[in-house]
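Taking it in order: structure first as structure tokens, then the write-up.
Indexing begins at 1, ligand by ligand and atom by atom, following the structure's order. Only this structure's heavy atoms are used, side chains among them; waters, hydrogens and symmetry mates stay out.
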Amino acid sequence: MKVGFLHSIIRKEEKLLLQEFRRRDGVELVKIDDRQQFFDLQRNDFELDVIVERCVNHSRAVHAMKIFSDHGVPTINAPEVAEICGSKFLTTQALIKAGVATPRCFLAFTPESALEAMDQLGYPCVIKPTTGSWGRLISKVNDRDAAEAILEHKQILGSYHHSIFYIQEYMEKKGKDIRSFVVGDQCIAAIYRHSDHWITNTARGGSTSNCPVNKELHEISVRAANACGGGVVAIDVFETDQGYSINEVNYTMEFRNSIEVTGVNIPGKIVDYVLEVARK
Ligand SMILES: Nc1ncnc2c1ncn2[C@@H]1O[C@H](COP(=O)(O)OP(=O)(O)O)[C@@H](O)[C@H]1O
Ligand SMILES: [Mg+2]
């Protein structure tokens with residue numbers, strides 16, 4: 001079996017996945033570096049059974065997976081999943097369409113209408129670029145003065161990515177939220193991410209502890225994953241008095257801080273799933 005491993009820099013996650021693939025019998029790994037690879041769009045000579053996508057860069061991931069997938073090579077994840085999960089707007093749309101609980105969200109196209117939207121949603125609220133990760137450039141807006149300042153900065157200094165205003169209700173989360181991991185139709189593990197800061201990403205210093213996967217968490221995690229097309233995804237979940245609420249779905253998931261704390265061999269589960277898809 002030939003497994004294409006699409007990557008850029010090899011981080012801890014990629015190392016763990018590569019190790020896991022190398023442990024399996026009958027697997028030939030073909031490493032594809034997105035910094036060196038180019039594609040002849042008219043030719044289909046990949047001879048691969050499956051592609052595992054581990055790019056750092058979202059557009060490279062989406063483009064490359066579209067090419068592989070159009071040539072009949074299954075990719076994990078599918079290009080459509082990457083496209084949806086790569087955009088907080090498309091993710092929110094997918095969740096709403098599937099009836100999965102998600103924070104209230106407004107979208108606006110001008111600073112003026114964005115200010116009106118924030119006034120209506122109430123303060124504090126959160127404004128985010130629709131594309132991005134690791135908690136970068138997301139802002140908690142505590143009052144109207146802050147809203148005006150942020151919007152002016154976005155208008156004058158922001159790039160194209162800041163011309164769509166994605167505004168979310170602020171979720172009171174008592175110092176922690178949940179990151180759950182879905183592989184196929186199973187929620188295989190979850191962690192709490194604790195932080196004194198309102199942004200809990202572990203990339204921003206949040207600490208972790210095991211979060212037992214109860215029936216409700218399992219169900220909403222799998223539903224959120226499927227709403228975005230399914231596969232191997234990591235889900236940001238808020239715990240509220242009304243139940244769980246899904247913040248976003250991530251498609252090239254990071255899991256280095258979650259193996260020990262959950263006791264689950266996350267890369268092992270991913271590799272099992274990839275090989276299962278390849279066999280089909
Ligand atoms: N609406 C919100 N209410 C409360 N906390 C939020 C909200 N949105 C984001 N956060 C916090 O910020 C973190 C990063 O936001 P997120 O939307 O997941 O963006 P990123 O793609 O950068 O991870 C979340 O994990 C959460 O801790
Ligand atoms: Mg997140």
Checklist entry - Do the side-chain N and O atoms of N257 and T208 include a donor-acceptor pair separated by under 3.5 angstrom? => result no

Item to check | Nearest-option assignment for atom 22 (O) of ligand 1, heavy atoms, candidates P129, A234, G135 | outcome: G135

Checklist entry - Of all the N, O or S atoms in E248, which one sits nearest to the Mg ion (ligand 2)? => result OE2

Checklist entry - For the residue pair F39 and F68, is the inter-centroid distance of their aromatic rings smaller than 6.0 Å? => result yes

Checklist entry - In terms of residue, atom name and distance, what is the protein heavy atom nearest to atom 5 (N) of ligand 1? => result K173 NZ, 2.9 Å

Next on the checklist: With a sphere of 6.0 Å drawn around CD of E152, does it hold more than 12 non-hydrogen atoms of other residues, nucleotides or ligands?
Outcome noted: no

Next on the checklist: Within this structure, what is the OG1-CD distance for the pair T110 and E116, rounded to the nearest 0.5 Å?
Outcome noted: 8.5 Å

Checklist entry - Is it the side chain, the backbone, both or neither of T200 that has a heavy atom closer than 4.0 Å to ligand 1? => result both

Checklist entry - Thinking salt bridges, do D177 and R193 make one under a 4.0 Å N-O criterion? => result yes

Checklist entry - Have Y244 and N214 got a donor and an acceptor in their side chains that come within less than 3.5 Å? => result yes

Checklist entry - the Mg ion (ligand 2) is nearest to which N, O or S atom of D236? => result OD2

Next on the checklist: Just to confirm my output: which protein heavy-atom neighbour is closest to atom 13 (C) of ligand 1, and how far is it?
Outcome noted: N201 OD1, 3.1 Å

Checklist entry - Mind checking whether R179 has a heavy atom under 4.0 Å from ligand 1? => result no

Item to check | Q168: numbered ligand 1 atoms lying under 4.0 Å from its heavy atoms | outcome: 1 (N), 2 (C), 7 (C), 8 (N)

Checklist entry - Quick one: does ligand 1 sit under 4.0 Å from the side chain of W198, the backbone, both or neither, non-hydrogen atoms only? => result both

Next on the checklist: Checking a contact table here: which protein heavy atom is nearest atom 17 (O) of ligand 1, and how many Å away?
Outcome noted: K128 NZ, 2.6 Å

Checklist entry - Would you say R23 has more than 12 foreign heavy atoms packed within less than 6.0 Å of its CZ? => result yes

Next on the checklist: Suppose I only count heavy atoms of R193 and a 4.0 Å limit; which atoms of ligand 1 are within that range?
Outcome noted: 25 (O)

